[in-house]
Amino acid sequence: MPEAPFAIPPLKRIAIIGMGLIGSSIARGARRQNIASEIVISDLSPIVRDRVVELRLADRVEARPEEAVIDADLVILCVPVGVAGDVAKQMASGLKSDAVVSDVGSVKAAVLRDVRPFLPASVGFVPAHPVAGTEHSGPDAGFAELFVNRWCILTPAENEPANAIEMVRNVWRALGSNVEVMSAAHHDLVLAITSHVPHLIAYNIVGTAADLEEVTRSEVIKFSAGGFRDFTRIAASDPTMWRDIFLHNKGAVLEMLSRFKKDLDAAQRMIEDENGPGLFELFTRTRAIRRGIIELGQETAAPDFGRRGAQNSPGGS
Ligand code: NAP
């Protein structure tokens, strides 16, 4: 029998700022799990706001974040990390004194640095990163199950009140996630290698293939199932979001990238030297990592990675 979903007493009001893939998935999940009696949203784009009304994703839609956050118990910023500080500055005047603010940004130290200074001291700030996503953007791309059985990492500063951390933890559990708490700096290092560098490699390899003169573009597409296709899914991710991630997690990404380049040089040398045992040992080691991911329920063993016909292609930043 499937486990009963984790339930919490509904908050009076939550405000979600930014109604893209992640914001609209939270709104859908919050509605389904009755996480709040009232959901108020704000988005910069009038087109997105109109669409949110059509899709009935919120009880109220506001253009200005400072109006959306009035009387909200919990405010979740779901905007690109590069504008999180600006949005925090804009909305701060509307926050009630005991509100809790969170976010979903894929980078945490920069968000902590950019957002906290604009929030009143009485407001709890509990940054969060749901490690779940797809390559799609916008309010139509979201779905309530996006976070189910995925990890959500919380990175509060040491002095944040325990009740604020507990509220955010419970909301994510009610959305179906497993929750872990760590420091923002550690999060950024872990995600640099598990998400950010892989995205950089995907963007780069797809770019290299597009520029090749000896192989035509139609051949690249026709024979893409040889491995390239899986990189193209990642390389189709939102350019604004990913530009901001690399600019805001520069240190950790550069550190992991330099280790990766050393390992790539070593693999190149093994090919040059026709070092078969070395290559075999490397590929055997990496295969075990994939088995571990499947065993932890974070992926499927299906040859199409469970993607066919499914909205929730695995991924996430
Ligand atoms: P998205 O689909 O592009 O949505 C972002 C939304 O925020 C858009 O509707 C955008 O409006 C709006 N926005 C931008 N600037 C704004 C502002 N100043 N005020 C109010 N709204 C604003 O992006 P997403 O994938 O949901 O990503 C949102 C956040 O989640 C990012 O911080 C990202 O790092 C994080 N995240 C993403 C994933 C993923 O896989 N996608 C996974 C985990 C975490 P416009 O369309 O008009 O720009």
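In each ligand, atom 1 is the first atom listed, and ligand 1 is the first ligand listed. For the numbers below, each heavy atom of this structure counts, side chains included, while hydrogens, waters and symmetry mates do not. The structure presented is a predicted model; accordingly, all values stated were derived computationally and were not measured.
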What part of D103, side chain from CB on, backbone N/CA/C/O, both or neither, has a heavy atom under 4.0 Å from ligand 1?
neither
Derivation and outcome, salt bridge (Lys or Arg N to Asp or Glu O under 4.0 Å), residues R49 and E62:
CA-CA 8 Å; R49 294 199 299 271; E62 298 283 356; over 6 Å; no
Heteroatom proximity flag, I22 to ligand 1, N/O under 3.5 Å
yes
Considering only heavy atoms, does S137 approach ligand 1 within less than 4.0 Å through its side chain, its backbone, both, or neither?
both
The reported gap from CZ in R290 to CD in E295 (rounded to nearest 0.5 angstrom) is 11.5 Å
Should V87 be counted as touching ligand 1, given the test is an N or O pair under 3.5 Å?
no
Sub-4.0 Å heavy-atom contact, A132 with ligand 1:
yes
Considering only heavy atoms, which of T240, D244, I76, L21 lies nearest to atom 23 (O) of ligand 1?
L21
Side-chain heavy atoms nearer than 4.5 Å, only ILVMFWY residues, links allowed to pass through others: does that put F228 and I201 together?
yes
Would you call the rings of W242 and H199 parallel, tilted or perpendicular, where under 30° means parallel and over 60° means perpendicular?
parallel
Under 3.5 Å between any N/O of H129 and any N/O of ligand 1: does that happen in this structure?
no
For atom 14 (C) of ligand 1, state which one of P80, S195, G23, G142 supplies the nearest heavy atom.
P80
Find out if a path of hydrophobic residues (ILVMFWY) with successive side-chain heavy-atom gaps under 4.5 Å connects F260 to F231.
yes
Any heavy atom of V107 closer to ligand 1 than 4.0 angstrom?
no
Quick check: does G18 get an N/O under 3.5 Å from an N/O on ligand 1?
no
What one should report as the nearest heavy-atom pair of V206 and A235 is CG2-CB, 3.7 Å
State, without any angle test, whether R28 and S24 hold a side-chain donor-acceptor pair at a distance under 3.5 Å.
yes
Starting from the C-alpha separation in whole Å, work towards a yes-or-no answer on side-chain contact (heavy atoms from CB on, under 4.5 Å) for R233 and D230.
CA-CA 5 Å; R233 182 184 67 77; D230 294 319; 5.8 Å; no
Step-by-step salt bridge (Lys or Arg N to Asp or Glu O under 4.0 Å) determination, D71 to K12
CA-CA 9 Å; D71 270 340; K12 215 164 107 253; 5.3 Å; no
Which option out of I41, V48, D140 puts a heavy atom nearest to atom 46 (O) of ligand 1?
V48
Show, in sequence, the C-alpha distance, side-chain angles and deciding distance for V40 and I16, and conclude whether the side-chain contact (heavy atoms from CB on, under 4.5 Å) test is met.
CA-CA 6 Å; V40 185; I16 303 170; over 6 Å; no
Which ligand 1 atoms does S45 reach within 4.0 Å, using its non-hydrogen atoms?
47 (O)
Ligand 1 N/O within reach of V83 N/O, cut-off under 3.5 Å:
no
Tested for side chain to side chain contact (heavy atoms under 4.5 Å, CB included) against F125, the lone hit among V75, V100, V101 is V101
Candidates C78, P46, C152; heavy atom nearest atom 5 (C) of ligand 1 found on C78
For ligand 1, which atoms, with element, lie under 4.0 Å from some heavy atom of V81?
32 (O)
Does D86 come within less than 4.0 angstrom of ligand 1, counting non-hydrogen atoms of the residue?
no
Ligand 1 to T134, heavy atom cutoff 4.0 Å, flagged ligand atoms 40 (O), 41 (N)
Counting each atom of ligand 1 from 1 as listed, which ones have a heavy atom of G20 under 4.0 Å away?
1 (P), 2 (O), 4 (O), 6 (C), 9 (O), 26 (O)
Exactly one of D43, D86, I41, I17 should register a side chain to side chain contact (heavy atoms under 4.5 Å, CB included) with P65. Which one does?
I17
Pairs of nitrogen or oxygen atoms closer than 3.5 Å, one from D43 and one from ligand 1: do any exist?
yes
Using a strict cut-off of 4.0 Å, indicate which atoms of ligand 1 neighbour a heavy atom of V104.
29 (C), 30 (O), 35 (C), 36 (N), 44 (C)
G133 neighbourhood, listing ligand 1 atoms whose heavy-atom distance to it stays under 4.0 Å:
40 (O)
Any salt bridge between E160 and R116, counting N to O under 4.0 Å?
yes
